[in-house]
Amino acid sequence: LVSSTTLISAYADKGLLEKAQEVFDSMPERNLVSWTALLVGYAQSGRLSEAATLFRTMPEHNEYSRTAMLTAYTHCGQLDKARQIFSSNPVDQTVCNAMMAALSLAGLVDQAKAVFDSMPELDLVSWNTLLAAYAQSGRFAEAKQLFDAMPDQDIVSWTALLTAYASVGNLREAERIFFGAMQCHDGISVAAMISLYAQSRDLEAAKRVFDRCERFSLQCSNSLLAVYAVNDRPEEAKLVFESMEEWDALSWTLMLSAYAHSGQLSRAEQLFSATPPLAAAASATAMVWAFSQTGHIVHAKQTFDTMDQRSQASWNVMLAGFGQAGQLSEARKLFHQMPCRDAGSWASLLAAYAQNGQPWRAIDVFYEMNASEAAAVAG
RNA sequence: GAAGUUGAUGAUUCCAA
């Protein structure tokens, strides 16, 4: 039982869900841990419907499975469902922390603070979550105040503080923290500093930090790849990509969009054909986007049709593609085919009508939304 | 001995640059 469950987790981590499912199916008996491990696997690959089905059919739940499902809904923009899990179960520290993160992701920082205030016990994750919520929403004063009030701080807290300084454009203070106050670093803290330099348009400094810290490779490389992709430097991106020792789905997406951004569509296609299964869904989405951007809506649709796992983002990208191409009836059709819709889907449909001289239909669409969807779009 | 929550990075709407 234990070793099969370990195997499920291992496959799930690598995005090999078919394998994980196979192991799960062949188990003579299962427990909550095995169910949850598989659920998390689907959730992390963005396969929400499969995760939800597992959650519904599993014989029992505990804090682990509830937290996992709550987070899965959050990452797919389904805050309502996350709230439902939260409010219909007994209070649990980790579930509260996850709910705070969910609210923060939806931009509802004050509601996250309300959860924080209601918690009987706070741990480091609770403090860090609220700190990050302030930092990400540009509420610097509150972030700093909370940081100083925390019983103790770890590298997560320090990195969040770094973001807080960045959000108010205080690069000097961020440097002082990164090179001075912080006593240790990991891939994410270095990646944060890289993108901070990139935001202040100092690509040289970004590269310098990267060169000094290559031992934290994957996260730092992705961060630098993103810098080059956005700044139209496909050659430098290629150098980074080829020097990497491991790649995740994001690395592939970044490299593809570096080519796409610079108009090198054939190079993008070439790379796309070499994409490993782990990155297949993300890469295909990037290609759909690249084709739509360059007016190749037919190719975009073809690529979309060959995908066997469609994330929420991929549906939205395709929808936006039809909008840009002026194919409104296709857009509307796709919108109704989508298994679920998040704020981005509604926004894309609205934009499609608005940009094609039919703003009144956009208004109709707007009134079709229910209140929570409208709130999400407004947010 | 196995599973969940927090920090950086990308693609989808609007705006800005």
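All chains are named by letter (A, B, ...) in the order of the sequence lines, taking the proteins before the strands, and each is independently numbered beginning at 1.
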Next on the checklist: For the residue pair A:Ser251 / A:Asn222, report whether a side-chain donor-acceptor contact shorter than 3.5 Å exists.
Outcome noted: yes

Checklist entry - The side chain of A:Ala132 lies closest to which of these nucleotides: B:rG7, B:rG10, B:rU9? => result B:rG7

Next on the checklist: By nearest atom, which of the nucleotides B:rA8, B:rG7, B:rU6 is closest to the A:Asn128 side chain?
Outcome noted: B:rU6

Item to check | Among B:rU13, B:rG1, B:rU5, the nucleotide that comes nearest once only the side chain of A:Val2 is considered | outcome: B:rG1

Item to check | Closest listed nucleotide, where the reference is the side chain of A:Ser257 and the choices are B:rA3, B:rU12, B:rG10 | outcome: B:rG10

Item to check | Distance in angstrom units between A:Met150 CE and B:rU6 P, rounded | outcome: 15 Å

Next on the checklist: Quick one about A:Tyr165 and A:Glu175 (side-chain donor to acceptor, distance below 3.5 Å, no hydrogens or angles considered), yes or no?
Outcome noted: no

Next on the checklist: Please report the distance, rounded to the nearest Å, between CD in A:Gln312 and P in B:rA11.
Outcome noted: 17 Å

Checklist entry - Is A:Ser348 touching bases, backbone alone, or none of the nucleic acid, heavy atoms closer than 4.0 Å? => result sugar-phosphate

Next on the checklist: Checking contacts here: which listed nucleotide (B:rA8, B:rA17, B:rG4) is nearest the side-chain heavy atoms of A:Thr67?
Outcome noted: B:rG4

Checklist entry - Hey, is A:Trp289 stacking on B:rA11? Ring centres under 5.5 Å, planes under 30°. => result no

Next on the checklist: Looking at the base of B:rA11, is there any donor atom on it, or on the side chain of A:Asn316, that sits under 3.5 Å from an acceptor on the other one?
Outcome noted: no

Item to check | Whole angstrom value for the distance that separates P of B:rA11 from OH of A:Tyr259 | outcome: 18 Å

Next on the checklist: Looking only at the side chain of A:Ala282 (C-beta and beyond, no hydrogens), which of the listed nucleotides B:rU12, B:rG10, B:rU5 gets closest?
Outcome noted: B:rG10

Item to check | Integer-rounded Å distance: B:rU9 P and A:His261 NE2 | outcome: 16 Å

Next on the checklist: Using whole Å, what does the distance between atom C1' of nucleotide B:rU6 and atom CG of A:Leu124 come to?
Outcome noted: 8 Å

Next on the checklist: Using a 4.0 Å heavy-atom cut-off, does A:Leu349 contact any base of the nucleic acid, only the sugar-phosphate backbone, or nothing at all?
Outcome noted: nothing

Checklist entry - The side chain of A:Thr94 lies closest to which of these nucleotides: B:rG7, B:rG10, B:rU5? => result B:rU5

Next on the checklist: Base, sugar-phosphate or nothing for A:Arg30? Non-hydrogen atoms, less than 4.0 Å.
Outcome noted: nothing

Checklist entry - Across the strands shown, which category fits A:Thr285 at heavy-atom distances under 4.0 angstrom: base, sugar-phosphate, nothing? => result base

Checklist entry - So what does A:Thr163 touch, heavy atoms closer than 4.0 Å: a base, only the sugar-phosphate, or nothing? => result sugar-phosphate

Checklist entry - Given atom CE of A:Met27 and atom C1' of B:rA2, what is their separation to the nearest angstrom? => result 10 Å

Checklist entry - Which part of the nucleic acid, if any, lies within reach of A:Leu254 when heavy atoms closer than 4.0 Å are counted: base, sugar-phosphate only, or nothing? => result sugar-phosphate

Next on the checklist: Side chains of A:Ser126 and A:Asp123 only: does a donor on one sit below 3.5 Å from an acceptor on the other?
Outcome noted: yes

Next on the checklist: Categorize A:Asn31 for me: base, sugar-phosphate, or nothing, with a 4.0 angstrom heavy-atom threshold over every strand shown.
Outcome noted: base

Checklist entry - Which of the following nucleotides, B:rU9, B:rG7, B:rU5, is nearest to the side chain of A:Ser195? => result B:rU9

Checklist entry - Checking all strands, does A:Ala313 fall into the base, sugar-phosphate, or nothing category for heavy-atom contacts under 4.0 angstrom? => result base

Next on the checklist: Need one value for A:Thr159: base, sugar-phosphate or nothing, where a base atom within 4.0 Å counts as base even if backbone is also close, heavy atoms only.
Outcome noted: base

Next on the checklist: Output the rounded distance in Å from CH2 (A:Trp35) to P (B:rA3).
Outcome noted: 19 Å

Checklist entry - A:Tyr165 OH to B:rA8 P: how many Å, rounded? => result 17 Å

Item to check | Quiz item: A:Asn62 side-chain donor-acceptor pair to B:rA3 base, under 3.5 Å | outcome: yes

Next on the checklist: What contact category does A:Asp92 fall into here, base, sugar-phosphate, or nothing, at under 4.0 angstrom with non-hydrogen atoms?
Outcome noted: base

Checklist entry - Would one find more than 12 heavy atoms of other residues, nucleotides or ligands at under 6.0 Å from atom CD of A:Gln358? => result yes

Checklist entry - A:Ala98 side chain: which of B:rU13, B:rA2, B:rU5 is closest? => result B:rU5

Checklist outcome for this item: Ranking B:rU9, B:rU12, B:rA2 by distance to the side chain of A:Val317, first place goes to B:rU12

Checklist entry - Would you say the side-chain atoms of A:Tyr353 and A:Arg332 include a donor-acceptor pair closer than 3.5 Å? => result yes

Item to check | Polar contact flag, side-chain donor to acceptor under 3.5 angstrom, A:Gln93-A:Asn97 | outcome: no

Checklist entry - So, is A:Gln136 near the phosphate of B:rA8, with a side-chain N or O under 4.0 Å from OP1 or OP2? => result yes

Checklist entry - Which part of the nucleic acid does A:Ala229 contact within heavy-atom distance under 4.0 Å: base, sugar-phosphate only, or nothing? => result nothing

Checklist entry - Is there a side-chain contact between A:Phe178 and A:Leu196, using heavy atoms and a 4.5 Å cut-off? => result no

